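Note on naming: letters A, B, ... go to the chains in the order of the sequence lines (proteins, then strands), and numbering restarts at 1 for each one. Quick caveat: nothing in here was measured; it's all calculated off a predicted structure.
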Amino acid sequence: MSARLVFLGRLEDLAGTAEMAVEPGPLDQVLAGLPRELAVALLVDRVRFALNGRLLAESGGITLASGDELAFLPPVSGGQG
Amino acid sequence: MSARLVFLGRLEDLAGTAEMAVEPGPLDQVLAGLPRELAVALLVDRVRFALNGRLLAESGGITLASGDELAFLPPVSGGQG
Amino acid sequence: MIDVRLAEAPFDPADELTRFTARVPEAGGVVSFLGKVRADSGVEALDIRHYAPMTLPGFRALAQTALRRWQLDGLLIVHRVGEMAPGAPIVLVAGAARHRRDAFAATDFVMDHLKGESWLWKRERTAAGWRWIEPRAQDHVDRARWG
Amino acid sequence: MIDVRLAEAPFDPADELTRFTARVPEAGGVVSFLGKVRADSGVEALDIRHYAPMTLPGFRALAQTALRRWQLDGLLIVHRVGEMAPGAPIVLVAGAARHRRDAFAATDFVMDHLKGESWLWKRERTAAGWRWIEPRAQDHVDRARWG
């Protein structure tokens, strides 16, 4: 069984998809398999990570297990008005 | 033709009526024709006067002409909530 | 756009709000306040008396003040007069604006001034009979917020 | 009473407000905010994306914070997601309370936090195509009002 990456907001445009199945493993290894431009965009300071719906305080040392969902959350949009 | 007195709020209860036709003339003279308890209640500081729909800054020197409407406005009620 | 009315009969707040909102398509935000007769504390009926030559002109002047003070696309004031039952709508105020801060402030301001300054006299009926409602110190405090 | 929902399809604000108000008969005042897609500035459509595992839980946590902070009888949050046309309702927040000051503050507070903190991503379509909407400095200022 694979793990899943979820791309929110403009990251979806950059990834060309809202979700992507990946091989489980250390995050560094997962990111190494992505297009370089996308991997760089995901590691920018202002992008937050959520593992299985829980916001992570820091992105270091993550290893994706089978069935895990890792979401990349760019800054949320401001409101109108 | 007569003038008219209008009693708002609790003054209506006191007057026993919402409106009263009176002979035109100086206000002192008009009030002298009312029950004493009512006249006293109308002259309390917190009761405002409106002549033909316009609030008066002070009650002194008013003379009611034929067709005039003089309203006695006690403090307005506060709101719920 | 100003829409200011006294309602002699029950009104439907949802209906009023829908029609008001439809008249201000350019507004990004609409804030409303609905005040109802509280369905508690033994009150069986509320009766609001007004003085026709002054009450509505007073509401209009208040609406104009709000329109000068905030950037509004529209302001609605509907106020019941007469006798009403617990749960019945008493007052609906709505402010429509491009920026929600203006809509919030204007609606809040109008309510603070409607409550303590309107030419309205209220009495309520409990098991003990009718009783006129006196001014509250809180109303003065509320208005003082606006300088 | 808390009623917090994401709406995948258009919703009727008047209808929502009527049902909410009916559920809080003891509340003397109901404040509501309705935010709509602005019918101006060349925007042809607004698209709001959310992240299901976090968006609604975030709304619920915000509602709980408001309920702890103010004396409320009820709080309603309905937020559209998906693509919507100019004039369409985006968000409806309503606070019901015994005292109107609580209802105003809670509704204002929830809007300030919904706008800049929700896990929502918005893009708008103009003649030039789709464009993601970035955070605004004003949103931070708005939240800072609440200390």
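Note that the CG atom of Leu17(D) and the CG atom of Leu34(D) stand 9.0 Å from one another [nearest 0.5 Å]. Here the CD1-CD1 distance, from Ile2(D) to Ile77(D), works out to 8.0 Å after rounding to the nearest 0.5 Å.
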One pair to check against side-chain contact (heavy atoms from CB on, under 4.5 Å): Leu120(C) and Phe59(C). What are the steps and the verdict?
CA-CA 11 Å; Leu120(C) 294 171; Phe59(C) 286 179; 4.0 Å; yes
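Taking the six-membered ring for Trp and the full ring otherwise, Phe104(C) and Phe33(D) have centroids separated by under 6.0 Å.
When side chains are defined from C-beta on, Leu76(D) does not count as touching Val4(D), because their heavy atoms never get closer than 4.5 Å. Contact check for Val30(C) versus Phe20(C): side-chain heavy atoms found under the 4.5 Å cut-off.
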Step through the atoms of chain C and chain D and list each donor-acceptor pair whose separation is under 3.5 Å.
{"from": "Val24(C)", "atom 1": "O", "to": "Lys36(D)", "atom 2": "NZ", "distance (Å)": "3.3"}
{"from": "Gly28(C)", "atom 1": "O", "to": "Lys36(D)", "atom 2": "N", "distance (Å)": "2.8"}
{"from": "Val30(C)", "atom 1": "N", "to": "Leu34(D)", "atom 2": "O", "distance (Å)": "2.8"}
{"from": "Val30(C)", "atom 1": "O", "to": "Leu34(D)", "atom 2": "N", "distance (Å)": "2.8"}
{"from": "Ser32(C)", "atom 1": "N", "to": "Ser32(D)", "atom 2": "O", "distance (Å)": "2.9"}
{"from": "Ser32(C)", "atom 1": "O", "to": "Ser32(D)", "atom 2": "N", "distance (Å)": "2.9"}
{"from": "Ser32(C)", "atom 1": "OG", "to": "Ser32(D)", "atom 2": "OG", "distance (Å)": "2.6"}
{"from": "Leu34(C)", "atom 1": "N", "to": "Val30(D)", "atom 2": "O", "distance (Å)": "2.8"}
{"from": "Leu34(C)", "atom 1": "O", "to": "Val30(D)", "atom 2": "N", "distance (Å)": "2.8"}
{"from": "Lys36(C)", "atom 1": "N", "to": "Gly28(D)", "atom 2": "O", "distance (Å)": "2.8"}
{"from": "Lys36(C)", "atom 1": "NZ", "to": "Val24(D)", "atom 2": "O", "distance (Å)": "3.3"}
{"from": "Arg38(C)", "atom 1": "NH2", "to": "Arg98(D)", "atom 2": "O", "distance (Å)": "3.2"}
{"from": "Asp40(C)", "atom 1": "OD2", "to": "Arg98(D)", "atom 2": "NH1", "distance (Å)": "2.7"}
{"from": "Arg98(C)", "atom 1": "O", "to": "Arg38(D)", "atom 2": "NH2", "distance (Å)": "3.1"}
{"from": "Arg98(C)", "atom 1": "NH1", "to": "Asp40(D)", "atom 2": "OD2", "distance (Å)": "2.6"}
{"from": "Arg100(C)", "atom 1": "NH2", "to": "Asp112(D)", "atom 2": "OD1", "distance (Å)": "2.6"}
{"from": "Arg100(C)", "atom 1": "NH2", "to": "Asp142(D)", "atom 2": "OD2", "distance (Å)": "3.3"}
{"from": "Arg101(C)", "atom 1": "NH1", "to": "Asp108(D)", "atom 2": "OD1", "distance (Å)": "2.8"}
{"from": "Arg101(C)", "atom 1": "NH1", "to": "Asp108(D)", "atom 2": "OD2", "distance (Å)": "3.4"}
{"from": "Arg101(C)", "atom 1": "NH2", "to": "Asp112(D)", "atom 2": "OD1", "distance (Å)": "2.7"}
{"from": "Arg101(C)", "atom 1": "NH2", "to": "Asp112(D)", "atom 2": "OD2", "distance (Å)": "3.2"}
{"from": "Asp108(C)", "atom 1": "OD1", "to": "Arg101(D)", "atom 2": "NH1", "distance (Å)": "2.8"}
{"from": "Asp108(C)", "atom 1": "OD2", "to": "Arg101(D)", "atom 2": "NH1", "distance (Å)": "3.4"}
{"from": "Asp112(C)", "atom 1": "OD1", "to": "Arg100(D)", "atom 2": "NH2", "distance (Å)": "2.6"}
{"from": "Asp112(C)", "atom 1": "OD1", "to": "Arg101(D)", "atom 2": "NH2", "distance (Å)": "2.7"}
{"from": "Asp112(C)", "atom 1": "OD2", "to": "Arg101(D)", "atom 2": "NH2", "distance (Å)": "3.2"}
{"from": "Asp142(C)", "atom 1": "OD2", "to": "Arg100(D)", "atom 2": "NH2", "distance (Å)": "3.3"}

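Among Val31(C), Val91(C), Val93(C), Leu92(C), the residue making the largest number of heavy-atom pairs under 4.5 Å with chain D is Val31(C).
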